[in-house]
Amino acid sequence: KAGVTQTPRYLIKTRGQQVTLSCSPISGHRSVSWYQQTPGQGLQFLFEYFSETQRNKGNFPGRFSGRQFSNSRSEMNVSTLELGDSALYLCASSLGQGDTQYFGPGTRLTVL
Amino acid sequence: AQSVTQLGSHVSVSEGALVLLRCNYSSSVPPYLFWYVQYPNQGLQLLLKYTSAATLVKGINGFEAEFKKSETSFHLTKPSAHMSDAAEYFCAVMLFSGGYNKLIFGAGTRLAVHP
């Protein structure tokens, strides 16, 4: 079974731009979660989608948003990029609540 | 509230030596606990998980962890370190009550293995 895939792997943007990251979960997984990883803050939960609905969201500004499609693929969008948004963005998929989360390779976003 | 503390941001061992990475958790309910490993420029790979079954959990690559409720600990061990074990290790507790389904991570421990 194929693992979680994320595209693109690397992105370079400038301040003020917006960006969209994509995540394809493991086949059969309906839950997709997003995490931000930075050297200063570590791994932080962004949001979780299940069956196209956002079930919960972490403590991030409204510039961070996401969605999930009927095939469980998910996208996250960051608008009006700031330097501090430079991070590794990780997507994880699972069968549902309480199940093991499996991570993709991440998208490395650099904001200049 | 759930939280995770990993003692020691850097651990260095000799090849063939015991690996011990420490993790303490705080949880108001019986926890689900996980260890993940991250190699450079990669995502997180699941090493092992505890979900209230056996307290001694065996994972991949020879790693194991023991859940000790009295000590609120879930330390990761490996009897003999290999050069390929050099990576960053994350302990996490899962919050899945009240509609949540998220992992709360510790700050991570970077393991160095020297010849």
Quiz item: For the atom pair OG (A:Ser94) and CG (B:Asn101), what is the distance rounded to the nearest 0.5 Å?
Solution: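 With rounding to 0.5 Å, OG (A:Ser94) is 5.0 Å from CG (B:Asn101).
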
Quiz item: Roughly how far, to the nearest 0.5 Å, is the CG atom of A:Leu90 from the CD atom of B:Gln42?
Solution: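 B:Gln42 CD to A:Leu90 CG: 11.5 Å, rounded to 0.5 Å.
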
With a 4.5 Å cut-off on side-chain heavy atoms, are [Y] and [X] touching?
X       : Y        : result
A:Phe45 : B:Ile104 : no
A:Gln37 : B:Phe90  : yes
A:Leu43 : B:Leu44  : yes
B:Met94 : A:Thr100 : no

Quiz item: What part of B:Gln45 is in contact with chain A, defined as an atom under 4.5 angstrom from a non-hydrogen atom: side chain, backbone, both or neither?
Solution: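 Neither part.
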
Practice problem: Heavy-atom distances under 4.5 Å only: say whether B:Lys102 touches chain A with side chain, backbone, both or neither. | Solution: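 Both the backbone and the side chain of B:Lys102 come within 4.5 Å of chain A.
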
Exercise. Counting only heavy atoms closer than 4.5 Å, note whether A:Glu48 contacts chain B via side chain, backbone, both or neither.
Key: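 Only the side chain of A:Glu48 comes within 4.5 Å of chain B.
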
Going only through I, L, V, M, F, W and Y residues with side-chain contacts under 4.5 Å, is there a path from [X] to [Y]?
X       : Y       : answer
B:Phe67 : B:Leu21 : yes
A:Leu21 : A:Leu88 : no
B:Leu48 : B:Ile60 : yes
B:Phe74 : B:Leu95 : yes
A:Val78 : A:Tyr49 : yes

Kindly check if the number of other-residue, nucleotide or ligand heavy atoms within 6.0 Å of [atom1] ([X]) is above 12?
X       : atom1 : value
B:Arg22 : CZ    : no
A:Asn59 : CG    : no
A:Arg15 : CZ    : no

Quiz item: Okay, side chain of A:Tyr35, backbone of B:Leu103: is any donor-acceptor separation there less than 3.5 Å?
Solution: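 Yes, because the side chain of A:Tyr35 sits within donor-acceptor range (under 3.5 Å) of the backbone of B:Leu103.
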
Quiz prompt | Among A:Arg108, A:Arg55, A:Gln101, residue most engaged with chain B (heavy-atom pairs, under 4.5 Å) | solution =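 So the answer, after comparing A:Arg108, A:Arg55, A:Gln101, is A:Gln101.
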
Quiz item: Of the listed residues (A:Gly106, A:Cys91, A:Gly98, A:Gly96), which shares the most heavy-atom pairs with chain B below a 4.5 Å separation?
Solution: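 Among the listed options, the one with the most contacts to chain B is A:Gly98.
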
